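As the structure is a prediction and not an experimental result, all values here were calculated from the model. All chains are named by letter (A, B, ...) in the order of the sequence lines, taking the proteins before the strands, and each is independently numbered beginning at 1.
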2 protein chains.
Amino acid sequence: MARSIWLRQERAGRGPVPEHSRAEITAAAVALADEGGLAAVSMRKVAAAVGTGAASLYRYVENRDELVELMADAVVGEVDLDRPPAVDWLADLVELAHAMRAVYRRHPWMLDVVPGRGLGPNAIDVMERALGAMSGLDVPAATKMETFALLNATILLLVRAEGAVPDPTGEYARGHLEFLASVAAAGRHPHLAAALADPTPPPDPGQDLLDRVLPRVLTGLLDTNGRTG
Amino acid sequence: MARSIWLRQERAGRGPVPEHSRAEITAAAVALADEGGLAAVSMRKVAAAVGTGAASLYRYVENRDELVELMADAVVGEVDLDRPPAVDWLADLVELAHAMRAVYRRHPWMLDVVPGRGLGPNAIDVMERALGAMSGLDVPAATKMETFALLNATILLLVRAEGAVPDPTGEYARGHLEFLASVAAAGRHPHLAAALADPTPPPDPGQDLLDRVLPRVLTGLLDTNGRTG
DNA sequence: CCGTCACTGCGAACAACGATCGCAGAGGAG
DNA sequence: CTCCTCTGCGATCGTTGTTCGCAGTGACGG
């Protein structure tokens, strides 16, 4: 297995000057994903978009998974980090979360990227910003890292839940609600039935879900241990 | 697009009796995934394992995605729900989380399943159990649903972080740590550098990470609003 | 009982994919 | 200048998801 893409030189230094760059190939792939979803990103299509041969792509990336890794990090690079710190750590993290969510919403295919290969340079920049927001808290570094991970997971969950991956026909979603209702009606799930029948609106229905849920997650993680110091 | 698999009859009632069942095909697919990961589950391999033709599988499922949906729900069906309720809602949810985590650990390919198609019957059973644990809390049903979703997301995150998806050579993971260290050493990420250099051990290092993190998430979500009533 | 029609199994085939091989040419190092 | 590494990439390979259409099965209705 090759070394991490982030550790490898892009250019060897000998031989002809490459006609393209990782950034160029990544951008073409991102454009394809934005248009047709992650599955639309094939090596042949990316190569055609760049104006090269599919086999040439393997000079730039090890495999398709690596290309997807480049794409994900490139997109995270769109997160707007040029903001002055907010009034406190919580507000700062929530603002960062909004900036991150904006990016995921612009690139819904990101929800289809299986996490797992570590962080690229842009993701590390975002994490640095989050760590900076938490720098005044007297909690272990491990807790801060966990908090960042959960912040990201929460955003993904909420973007996913709001249907940022659109169902073209809406039929499946309706079918699912139909299924839930039939399960509830069958009588073996009284709590589900109660939940579906609950007329109570969510607290602050006009409030952004991210603004409601994320602060609770974060204060749960940090506040009981968090000491501004 | 076909209706949700959960809404469709398995057997039409006319014509020859099918030689296999959804459950049988799903089990074969799960076995393949357990052995070789999700990518090892091809329609041909599943068909061969069942003893039928690849084309025949399309009589049982609409496509491969639907098969994966069946697999995921089948595996969630392994979650042990036959436990008396714990002392309180929090302990009950944490116990449920442990049972869920055990299942994810047994089937690490579940981390590669892109969420999104709604819940199958087994997943609804698990959600029912979680709703039951929260039934005494005076919070809106929407909050309870969100809590369940975040409980699941937290488990997945932690299982993923503990490396439940093994890197066969370990080389990539080492490469990533190398990269993080080099970024920190480059000087543009002082908070990351501080975090990597932090000698403070995580709180209660002998404690299960799930036991440390999840109660904080849950109480953050529910406790400030939660009223046992 | 018979005819009709929906259903089942599935081989053959198709289009598409990820990835490799090997050739020709470019360019750095000694 | 020679050698060797690097770049571009067509052709090719093995594999994949999926569809078509044929032969046979069994329910339904007259």
- Non-hydrogen side-chain atoms of B:Leu38 and B:Val68 separated by less than 4.5 Å: yes

- Would you say a side-chain N or O of B:Tyr60 is under 4.0 Å from OP1 or OP2 of C:dG9? yes

- From D:dC9, C:dG9, C:dA19, pick the nucleotide closest to the side chain of A:Asn63? C:dA19

- Message: Tell me every residue that passes side chain to side chain donor-acceptor pair (under 3.5 Å) with B:Asp34, counting only those two or more places apart in sequence or in another chain.
- Response: B:His107, B:Trp109

- Does the side chain of A:Ser56 get closer than 4.0 angstrom to OP1 or OP2 of D:dG8 through an N or O atom? no

- For B:Leu67 and D:dT16, give me the distance from atom CG to atom P, rounded to whole Å. 14 Å

- Task: In whole angstrom, give the distance that lies between atom CG of B:Asp65 and atom C1' of D:dG17.
- Result: 10 Å

- Message: Could you tell me if the side chain of A:His191 sits less than 4.5 Å from the side chain of B:Lys144, heavy atoms only?
- Response: no

- Query: Please give, in whole Å, the distance from D:dT5 P to A:Gln9 CD?
  - Reply: 16 Å

- Message: What is the separation between atom CZ on A:Arg8 and atom P on D:dC6, rounded to the nearest whole Å?
- Response: 13 Å

- Rounded to the nearest Å, what distance is computed from the CG atom of residue B:Leu57 to the P atom of nucleotide D:dG17? 10 Å

- Item | Residues which pass side chain to side chain donor-acceptor pair (under 3.5 Å) with B:Arg188, listed by chain and number, not counting sequence neighbours | none

- Where do A:Thr143 and A:Leu221 land on the side chain to side chain contact (heavy atoms under 4.5 Å, CB included) test, with the steps shown first? CA-CA 8 Å; A:Thr143 304; A:Leu221 284 169; 5.6 Å; no

- Message: I need the residues from residues 31-44 of chain A with at least one non-hydrogen atom less than 4.0 Å from DNA chain C; give them sorted by number, or say none.
- Response: A:Val41, A:Ser42, A:Met43, A:Arg44

- Query: Is B:Glu35 atom CD crowded by more than 12 heavy atoms from other residues, nucleotides or ligands, each under 6.0 Å away?
  - Reply: no

Pairs under 3.5 angstrom, nitrogen or oxygen only, protein versus nucleotides 25-28 of chain C, please.
| unit_1 | atom_1 | unit_2 | atom_2 | d |
| --- | --- | --- | --- | --- |
| C:dG27 | O4' | A:Gly15 | O | 3.3 |
| C:dG28 | N2 | A:Arg14 | NH2 | 3.1 |

Enumerate all atom pairs, one protein N or O and one N or O from nucleotides 19-21 of chain D, separated by less than 3.5 Å.
none

- Under-4.0 Å salt bridge between A:Arg129 and A:Asp82: no

- Query: Quick one: which of C:dC10, D:dG17, D:dT16 gets closest to the side chain of B:Arg64?
  - Reply: D:dG17

- Using side-chain contact (heavy atoms from CB on, under 4.5 Å) as the criterion, list what pairs up with B:Ala149, not counting sequence neighbours. A:Leu157

- Whole angstrom value for the distance that separates C1' of C:dA16 from NZ of A:Lys45: 8 Å

- Message: Does any part of the side chain of B:Glu146, heavy atoms only, come nearer than 4.5 Å to the side chain of A:Leu209, both counted from C-beta?
- Response: yes

- Over how many whole Å does the gap from A:Arg22 atom CZ to D:dT7 atom C1' extend? 15 Å

- Task: Calculate, to the nearest 0.5 Å, the distance between atoms CG and OH belonging to A:Asn152 and A:Tyr104 respectively.
- Result: 3.5 Å

- Task: Please determine if B:Arg8 and B:Glu66 form a salt bridge, counting it only when a charged side-chain N lies under 4.0 Å from a carboxylate O.
- Result: yes

